[in-house]
2 protein chains.
Amino acid sequence: MPARAHRSDAVANRERIVAAARAALADSNGAAGELSLHLVAKAAGVGQGTLYRHFPSREHLLAEVYRQEMGELAGAVPPLLAEYPPLDALTRWLDRLIEYARVKRGVMAAIEASAWQDLYAGHHGRLDEALTTLLDRGKAAGELRADVDATDVILLLGALSRVPEAEWDARARTLVAVIVDGLRRR
Amino acid sequence: MPARAHRSDAVANRERIVAAARAALADSNGAAGELSLHLVAKAAGVGQGTLYRHFPSREHLLAEVYRQEMGELAGAVPPLLAEYPPLDALTRWLDRLIEYARVKRGVMAAIEASAWQDLYAGHHGRLDEALTTLLDRGKAAGELRADVDATDVILLLGALSRVPEAEWDARARTLVAVIVDGLRRR
DNA sequence: ACCTGAACACCGTTCAAGT
DNA sequence: ACCTGAACACCGTTCAAGT
């Protein structure tokens, strides 16, 4: 279905709101609870009512912010699968995730948020889809256990979002190693 | 060091505040963000200032609530270790955790909170201590990998706290199975 | 159609006044 | 020492009035 036509000022406002929210989250180290919608509206140069017209709840706004973070990650999967065997592709993709999240804290917040299935399940099917492909290939090759799905992996990866920044380098790799080993077929 | 003497009304107030907070959390399905301190004070029959005297921040109050949830879980470890080999003891303890959390949602919130090391690290050494014992025994027996600590396990178990209630039975066991397999020595 | 911003209800936090 | 509750600043949300 084709996107409906929108007034150009509405489109511009929407973009400025999301940009302001991303900037605010980047400043506050990505803690979603500290996002003041009043301040986002002010920073975007719109009234509060406008913010609410576009995003009827804080979660709707965060969902859009996170959807933008997620694109690059999901897009990295197909080339990896083309070049490496499934388990290698998964390991390399997770290495990339660690490296990406090390500098950009919001990425982990996005992954954690994608676990609240209620609102987000539909929104970024992209990550879910990419992970499902990875897992299916691994299962078909007999390298991964058959009883896990993309949601399980996303839930487990959520552990990374609670690693304090100071311990990131020491702990992130260990956690991912445990998860990957746990996903292996025995 | 012996506990300082407190006025009996202060002790009683503190207990009633914690009890009111636990009751409020039990009602709201354990979502810590929805705990209104105004309402907790009112339910406990104290002024807001009294709540703040005892718990200088929402987190301090939650820490006490969670500390109480944690006791039983940690206490179950020594008997299990006395009766079973390390890996069996770990598996059985996690089974108990799943069963316990199935009916009492606050338990998972408590475990998740214990990952914010800043405030909680000292407070419930009990869970940390119990898990460290379990892991050390397993490492000594050559059954568990040597590069994980109790914090890693707590972080991974945090995945359970984001499993929607409707999916609990189907997903909790799988997640724990993946975690246990990941902790095994290869 | 869409936008604005005052207004409302609520929350965390403080503090002068009490006992 | 400890407690109370009014008060303050702030936040999410709504809505009448504008363009």
Side-chain angles (χ1 to χ4, degrees), chain A residues 2-25 27-66 109 113 116 118-120, chain B residues 1-25 27-66 109 113 116 118-119:
Chain A
R4 299 282 267 97
H6 289 289
R7 264 170 43 175
S8 63
D9 56 344
V11 173
N13 276 336
R14 190 188 153 93
E15 281 168 7
R16 283 160 65 198
I17 290 168
V18 175
R22 293 187 77 172
L25 284 173
D27 286 353
S28 79
N29 270 326
E34 293 173 13
L35 186 71
S36 160
L37 301 189
H38 262 93
L39 296 182
V40 168
K42 180 165 229 177
V46 302
Q48 298 104 284
T50 303
L51 195 156
Y52 268 78
R53 166 177 286 269
H54 289 288
F55 303 102
S57 81
R58 145 188 260 101
E59 270 69 34
H60 287 263
L61 175 54
L62 288 171
E64 176 57 23
V65 169
Y66 291 155
W116 321 338
D118 2 339
L119 179 61
Y120 296 84
Chain B
M1 40 189 160
R4 298 280 267 97
H6 289 289
R7 262 170 47 173
S8 63
D9 57 342
V11 172
N13 276 336
R14 190 187 153 92
E15 280 167 7
R16 283 161 64 198
I17 290 167
V18 174
R22 295 187 76 171
L25 284 171
D27 286 353
S28 79
N29 269 329
E34 294 173 13
L35 185 70
S36 159
L37 302 190
H38 263 91
L39 295 183
V40 168
K42 179 165 231 175
V46 302
Q48 300 103 286
T50 303
L51 195 157
Y52 268 77
R53 165 177 287 268
H54 288 288
F55 302 102
S57 82
R58 147 189 258 100
E59 269 70 33
H60 286 264
L61 175 55
L62 288 171
E64 175 59 23
V65 169
Y66 291 156
W116 322 336
D118 1 340
L119 179 61

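We name chains A, B, ... by the order of the sequence lines, and we start the count at 1 in each one.
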Sorted by number, residues from residues 34-50 of chain B placing a heavy atom under 4.0 Å from DNA chain C are L35(B), S36(B), L37(B), H38(B), Q48(B), G49(B)
Output row for DNA chain D, stems defined as at least 3 consecutive Watson-Crick or G-U pairs under 3.5 Å, is C:4-8 with D:12-16, C:12-16 with D:4-8
Numerically ordered, the residues 11-18 of chain B set in heavy-atom contact under 4.0 Å with DNA chain C is none
Here the gap from L39(A) atom CG to Q48(A) atom CD, rounded to the nearest 0.5 Å, amounts to 10.0 Å
Sorted by chain and residue number, the salt bridge (charged side-chain N to carboxylate O under 4.0 Å, His left out) partners of R16(A) (sequence neighbours excluded) come out as none
Sorted by chain and number, sequence neighbours left out, side chain to side chain contact (heavy atoms under 4.5 Å, CB included) with R14(A) holds for H54(A), F55(A), E64(A)
Heavy-atom nearest pair, V40(A) first then I17(A), reads CG1-O, 3.8 Å
Nearest heavy-atom approach of A21(A) to L35(A) is O-CD1, 4.0 Å
dist L62(A):CG -> E59(A):CD (nearest 0.5 Å) comes out at 6.0 Å
Span of DNA chain D engaged by chain B, first through last nucleotide within the 4.0 Å heavy-atom cut-off, is dA1(D) to dA7(D)
Rounding to 0.5 Å, atoms OG1 (T50(B)) and CG (D9(B)) come to a distance of 9.5 Å
